[in-house]
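Along the sequence shown, residues carry numbers from 1. Being a predicted model, the structure only gives us computed values, none of them experimental.
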Amino acid sequence: MSVREDPRGEKFLAAYVVPTAGPHGDGLAASLREGLADRLPAYLVPSAVVIVDALPRTTSGKVDRRALPDPAPDSAAPRKVAPRNHAERVVCRIFQDVLGVPRVGIDDEF
């Protein structure tokens, strides 16, 4: 797992998986996220799952996190839903101020 940053500057959790056997289609990433969502708290479920052939290594044999590929834009952190009315704007602004984050959506969980 690695913390990544999207083009808007928002950070999200990405998981990198090297499959050993079985199908490696697009459904693998989705099924992994679903399985993790059943077992982990929401904040630990990666926003993106990237399937790779092998993890890049440094000369000392450790995983080279800087060489990991960026997740595809459509698999990255989900888009935030903007507030729809005055009450939602007020609540979102309060959470932004308290948490010190640039943007909060109405479907975010805290």
Peer 1: Who are the side chain to side chain contact (heavy atoms under 4.5 Å, CB included) partners of Asp70, not counting sequence neighbours?
Peer 2: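 In terms of side chain to side chain contact (heavy atoms under 4.5 Å, CB included), with neighbours along the sequence ignored, Asp70 is linked to Arg4.
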Peer 1: How close do Ala14 and Pro71 get, heavy atom to heavy atom, and via which atoms?
Peer 2: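 Scanning both residues completely, I find the closest heavy atoms to be CB-CG, 4.0 Å.
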Peer 1: Rounded to the nearest 0.5 Å, how far apart are CZ of Arg66 and OG of Ser2?
Peer 2: 11.5 Å
Peer 1: Atom CZ of residue position Arg57 - does it have more than 12 heavy atoms of other residues, nucleotides or ligands inside 6.0 Å?
Peer 2: yes
Peer 1: Let me confirm one number: the CD1-CG distance from Ile51 to Leu32, rounded to the nearest 0.5 Å.
Peer 2: 6.0 Å
Peer 1: Is there a path from Tyr43 to Leu13 through hydrophobic residues (I, L, V, M, F, W, Y) whose side chains come within less than 4.5 Å of each other?
Peer 2: no
Peer 1: Examine Val91 and Leu99 and state if one hydrophobic cluster contains both, with Ile, Leu, Val, Met, Phe, Trp and Tyr joined whenever side-chain heavy atoms are less than 4.5 Å apart.
Peer 2: yes
Peer 1: Per the side-chain hydrogen bond (donor to acceptor under 3.5 Å, both in side chains) rule, what does the pair list look like for residues 86-102, sequence neighbours excluded?
Peer 2: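 Qualifying pairs, neighbours excluded: Arg84-Glu88.
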Peer 1: Would you check if the side chain of Arg39 reaches a backbone N or O of Gly35 as a donor-acceptor pair within less than 3.5 Å?
Peer 2: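 Yes, the answer is positive, given that a donor and an acceptor are paired below the 3.5 Å cut-off.
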Peer 1: Can you check side chain to side chain contact (heavy atoms under 4.5 Å, CB included) on Val18 and Leu55, steps first, answer last?
Peer 2: CA-CA 7 Å; Val18 179; Leu55 295 173; 3.8 Å; yes
Peer 1: Grouping I, L, V, M, F, W and Y whenever their side-chain heavy atoms are under 4.5 Å apart, do Phe12 and Leu36 come out in a common cluster?
Peer 2: no
Peer 1: Nearest 0.5 Å, please: how far is CG in Asp64 from OG1 in Thr59?
Peer 2: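 Taking OG1 in Thr59 and CG in Asp64, the distance rounds to 9.0 Å.
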Peer 1: Of all the heavy-atom pairs spanning Tyr16 and Pro69, show the shortest one and how long it is.
Peer 2: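 Tyr16 and Pro69 have their closest heavy atoms at OH-O, 2.7 Å.
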Peer 1: Are Leu68 and Val52 linked, directly or through intermediate hydrophobic residues, by side-chain heavy-atom contacts shorter than 4.5 Å (ILVMFWY only)?
Peer 2: yes
